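Each chain gets a letter, A, B and so on, in the order its sequence line appears, and its residues count up from 1. If you're wondering where the values come from, they're calculated on a predicted model, not measured in any experiment.
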Amino acid sequence: MLKIYNTLARDKQDFQPIEPNKVRMYVCGMTVYDYCHLGHARVMVVFDMVYRWLKASGYDVTYVRNITDIDDKIIKRAAENGESIHALTQRFITAMHEDADALGVQRPDHEPRATQYVPQMLEMIAQLESNGLAYKAADGDVNYAVRKFPGYGKLSGKSLEDLRAGERVDVTENKNDPLDFVLWKHAIEQEADEVKWDSPWGKGRPGWHIECSAMGSKLLGKHFDIHGGGADLQFPHHENEIAQSEGAHQCQFVNYWMHNGFVRVDEEKMSKSLGNFFTIREVLKKYDAEVVRFFILRAHYRSPLNYSDAHLDDAKGALTRLYTALKSNPPQPSLVREGDGSSPDGPTSHSTRLSKDDSQVAGYDKGRPGGVAVDWNEPHARRFKTAMDDDFNTPEALAVLFDLANETNRSQSTETAVQLRALGRVLGLLQRDPQQFLQGGAGKGGLNDAAIAAQIEARIAAKKAKNFAEADHIRKELLEAGVVLEDSAAGTTWRRA
RNA sequence: GGCGCGAUAGCAAAGCGGUUAUGCACCGGAUUGCAAAUCCGAUGAGCCCAGUUCGACUCUGGGUCGCGCCUCCA
């Protein structure tokens with residue numbers, strides 16, 4: 001039985017889908033005015049892992065991750081660049097897809113953009129108005145009347161009184177209550193037509209929170225299973241989403257709220273405003289994308305994750321161990337059987353679907369064979385499942401992979417190697433040819449494969465002639481170029497350090 | 001000020017009221033021409049103070065420190 005930590009309950013709860021066998025899940029995605037940083041990478045990878053595990057568990061999952069393509073920062077950036085909103089957002093949506101693909105993140109089933117759902121937002125605002133929860137302010141904005149919604153604060157555990165006491169709340173004479181938030185922002189003369197929509201309340205554009213309520217209910221229904229996002233969205237964004245959705249529809253909005261922890265730099269939250277962020281593409285110049293994915297999955301999704309080169313190096317070393325165990329057991333196309341119906345438990349099997357979805361991945365595991373289905377009766381797989389069912393405990397699940405690697409090394413058994421790869425696949429890991437991973441240094445050292453092969457030949461000749469000084473010299477040179485040689489009975493192989 | 005989260009070996013990071021987490025690093029051994037990889041073994045832990053218990057890293061209370069949200073933020 002899958003347990004999920006539900007922010008709403010502040011506790012782990014048994015996961016019970018609304019509709020048997022089906023899961024409807026919404027995750028707050030990116031505001032596209034710049035490149036994604038590692039914090040964004042974490043949301044994408046974490047919920048990709050959740051998506052994969054739900055599917056591997058046999059659920060039919062509908063996954064929505066929105067794109068915010070209209071907002072103050074976007075307008076500002078477009079103006080700075082002398083670029084249209086559309087050109088700017090399109091550019092960064094493309095970049096985001098490149099980054100996500102690189103990290104082995106499967107595309108969500110829907111990726112709605114705010115600008116495509118303005119009519120649905122207007123509809124919702126009208127509903128809120130008729131329910132007495134929204135009002136038009138003097139400045140032309142339409143605001144949500146927070147005091148009129150009894151459940152306000154239930155997600156974040158804040159009371160209106162506590163919030164009031166805080167000194168950081170914006171005081172505006174246009175709001176009935178300082179905590180009220182904007183549903184519809186009135187248009188400003190000098191703004192481009194591109195950011196203005198007609199509405200019953202005059203020209204304007206949507207506030208930030210309304211898009212998720214509108215798109216969520218449109219694509220997943222008024223009541224769905226899982227809603228996720230970064231921990232910083234818990235308040236006010238998600239709290240406001242609840243107020244809007246439940247206020248408009250008069251029914252429960254979401255059953256399970258999931259929030260992932262932050263990526264930190266020097267024990268501090270990585271964020272744009274602090275300026276201490278690293279973009280995904282920046283990091284990918286230095287580290288293999290799968291190493292970055294492994295690094296993220298190595299910590300529990302709710303824990304803080306400290307970023308540093310040392311930690312990435314460490315992750316690389318760990319992943320190298322797993323791939324080394326698979327070295328003598330590369331993917332075997334003859335063993336590939338798509339969707340034989342196995343799933344850890346759960347209602348029905350959908351593993352054919354899993355295979356299909358994998359083929360969409362454009363990143364490092366693109367073009368890989370679909371892989372072998374997991375034997376869920378095998379002890380390691382059971383441990384893996386127990387870990388994943390316990391609020392997606394990926395560190396524990398990965399520990400199982402290392403045990404499997406150890407057994408593979410010890411026994412040279414094909415079965416354990418196959419199982420290792422199959423379980424790795426559930427996490428979106430270990431699907432490459434081990435040689436490709438081990439030899440694929442990120443442009444380090446100037447040596448190409450042919451030059452390395454030539455050096456190895458020369459060393460073999462030297463060894464044959466018992467000229468060990470020369471053989472060692474060659475090896476040392478290669479090592480200085482970042483290439484490690486490994487002699488075995490079968491011959492000499494190499495990898496990049 | 002209000003609310004919340006965390007503190008585990010050199011580093012990273014989990015589970016667990018009593019029995020090896022795991023990875024990297026380090027030490028000893030096997031293997032190797034020497035290495036690397038691999039295997040075997042050893043070392044090494046639970047912020048502080050109380051309490052509950054036959055027994056606590058694990059539960060309870062207090063303290064200390066760190067982080068986050070309360071403003072845009074994944």
Side-chain angles (χ1 to χ4, degrees), chain A residues 7 10 27-31 36-47 65 71-73 76 153 156-159 161-170 179 208 228-237 239 259-264 267-274 277 294-295 298-300 302-306 308 310-322 324-325 327-328 383 386-387 390 393-403 405-406 408-412 438 463 466-469 471-472 475-476 479 483-489 492-495 497:
Chain A
T7 308
R10 267 163 211 80
V27 171
C28 288
M30 260 51 75
T31 300
C36 293
H37 60 64
L38 237 36
H40 302 118
R42 192 175 192 190
V43 193
M44 292 196 284
V45 169
V46 159
F47 287 100
R65 190 185 61 212
D71 130 287
D72 288 359
K73 290 189 293 293
K76 185 163 172 260
S156 54
K158 296 177 191 301
S159 72
E161 286 63 39
D162 292 344
L163 287 164
R164 266 248 159 119
E167 286 147 42
R168 310 173 76 182
V169 195
D170 238 358
L179 295 164
W208 174 38
D232 43 3
L233 297 185
Q234 191 180 324
F235 189 90
H237 185 55
E239 194 68 64
H259 293 98
N260 65 274
F262 300 129
V263 176
R264 294 188 192 168
E267 304 295 328
E268 224 179 21
K269 178 184 170 183
M270 178 183 288
S271 74
K272 296 227 103 153
S273 39
L274 286 170
F277 62 90
F294 179 88
F295 166 70
R298 212 174 173 216
H300 184 85
R302 284 189 282 118
S303 302
L305 178 63
N306 272 303
S308 74
H311 293 154
L312 263 295
D313 288 339
D314 197 59
K316 181 187 175 183
L319 189 57
T320 297
R321 176 169 167 79
L322 293 179
T324 302
K327 210 165 91 170
S328 48
R383 269 176 64 205
T386 302
D390 183 14
N393 192 341
T394 53
E396 180 67 28
L398 288 173
V400 175
L401 263 40
F402 284 99
D403 287 347
N406 176 264
T408 302
N409 288 332
R410 204 167 34 186
S411 64
Q412 286 303 304
L438 296 168
K463 274 174 65 174
K466 301 272 184 218
N467 186 352
F468 293 121
D472 291 350
R475 187 173 61 201
K476 198 177 162 216
L479 187 62
V483 174
V484 180
L485 296 188
E486 290 171 358
D487 293 341
S488 77
T492 299
T493 57
W494 64 275
R495 67 184 162 90

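H259(A) pairs by the ring pair (Phe, Tyr, Trp, His ring centres under 6.0 Å) definition with H238(A), not counting sequence neighbours. Residues satisfying the side-chain hydrogen bond (donor to acceptor under 3.5 Å, both in side chains) criterion with T492(A), sequence neighbours excluded, are D487(A). Taking P304(A) as the reference, R264(A) meet the side chain to side chain contact (heavy atoms under 4.5 Å, CB included) condition, with sequence neighbours excluded. Remark: F277(A) pairs with H37(A) by the ring pair (Phe, Tyr, Trp, His ring centres under 6.0 Å) rule, at least two apart or across chains. Checked against side-chain hydrogen bond (donor to acceptor under 3.5 Å, both in side chains), S308(A) has the following partners two or more places apart in sequence or in another chain: H311(A). Applying the side chain to side chain contact (heavy atoms under 4.5 Å, CB included) criterion to S411(A), with sequence neighbours excluded, gives S413(A), T416(A). Remark: R65(A) engages V27(A), M44(A), Y63(A), M96(A), V105(A), P108(A), E111(A) in a side chain to side chain contact (heavy atoms under 4.5 Å, CB included) (not counting sequence neighbours). Qualifying side-chain hydrogen bond (donor to acceptor under 3.5 Å, both in side chains) partners for N306(A), counting only residues two or more places apart in sequence or in other chains: E267(A). Looking at residues two or more places apart in sequence or on another chain, you find no salt bridge (Lys or Arg N to Asp or Glu O under 4.0 Å) involving K158(A).
Straight-line distance between the C1' atoms of rG51(B) and rU20(B): roughly 31 Å, to the nearest whole Å. Taking the P atom of each, rA9(B) and rG44(B) are spaced 14 Å apart, rounded to whole Å.
A distance cut-off of 5.5 Å between ring centres, combined with a plane angle under 30°, leaves F262(A) outside any stacking arrangement with the base of rA74(B).
At least one side-chain heavy atom of T7(A) sits under 4.5 Å from a side-chain heavy atom of Q234(A).
Residue K316(A) places none of its side-chain N or O atoms closer than 4.0 Å to OP1 or OP2 of rC24(B).
Among the duplex regions that RNA chain B forms, those built from at least three successive Watson-Crick or G-U pairs under 3.5 Å are B:1-7 with B:64-70, B:10-12 with B:22-24, B:27-30 with B:38-41, B:47-51 with B:59-63, ordered by first number.
Heavy atoms of A318(A) sit under 4.0 angstrom from primed sugar atoms or phosphate atoms, though from no base atom. Here V46(A) lies out of heavy-atom contact (under 4.0 Å) with every strand. Among the heavy atoms of the strands, none lies under 4.0 Å from M44(A). Residue-level contact check: K466(A) touches neither bases nor backbone, having no heavy atom under 4.0 Å from any strand. Within 4.0 Å (heavy atoms only), K272(A) reaches no atom of the nucleic acid at all.
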Summarise protein proximity over nucleotides 8-14 of chain B in one line of letters, 5' to 3': B for base, S for sugar-phosphate only, - for none, counting protein heavy atoms closer than 4.0 Å. ----SSS

Tabulate protein N/O versus nucleotide N/O from nucleotides 35-40 of chain B, keeping only pairs under 3.5 Å, one per line.
{"residue": "rA35(B)", "atom": "N6", "partner": "D487(A)", "partner atom": "O", "Å": "3.2"}
{"residue": "rA35(B)", "atom": "N1", "partner": "D487(A)", "partner atom": "N", "Å": "2.9"}
{"residue": "rA35(B)", "atom": "N3", "partner": "R475(A)", "partner atom": "NH1", "Å": "3.0"}
{"residue": "rA36(B)", "atom": "O2'", "partner": "E486(A)", "partner atom": "OE2", "Å": "3.4"}
{"residue": "rA36(B)", "atom": "O2'", "partner": "R495(A)", "partner atom": "NH2", "Å": "3.4"}
{"residue": "rA36(B)", "atom": "N1", "partner": "D487(A)", "partner atom": "O", "Å": "3.2"}
{"residue": "rA37(B)", "atom": "O4'", "partner": "E486(A)", "partner atom": "OE2", "Å": "3.2"}
{"residue": "rU38(B)", "atom": "OP1", "partner": "R321(A)", "partner atom": "NH1", "Å": "3.4"}
{"residue": "rU38(B)", "atom": "O3'", "partner": "N409(A)", "partner atom": "ND2", "Å": "3.1"}
{"residue": "rC39(B)", "atom": "OP1", "partner": "R321(A)", "partner atom": "NH2", "Å": "3.2"}
{"residue": "rC39(B)", "atom": "OP1", "partner": "N406(A)", "partner atom": "ND2", "Å": "3.0"}
{"residue": "rC39(B)", "atom": "OP1", "partner": "N409(A)", "partner atom": "ND2", "Å": "3.3"}
{"residue": "rC39(B)", "atom": "OP2", "partner": "R321(A)", "partner atom": "NH1", "Å": "3.4"}
{"residue": "rC40(B)", "atom": "OP1", "partner": "R410(A)", "partner atom": "NH1", "Å": "3.0"}

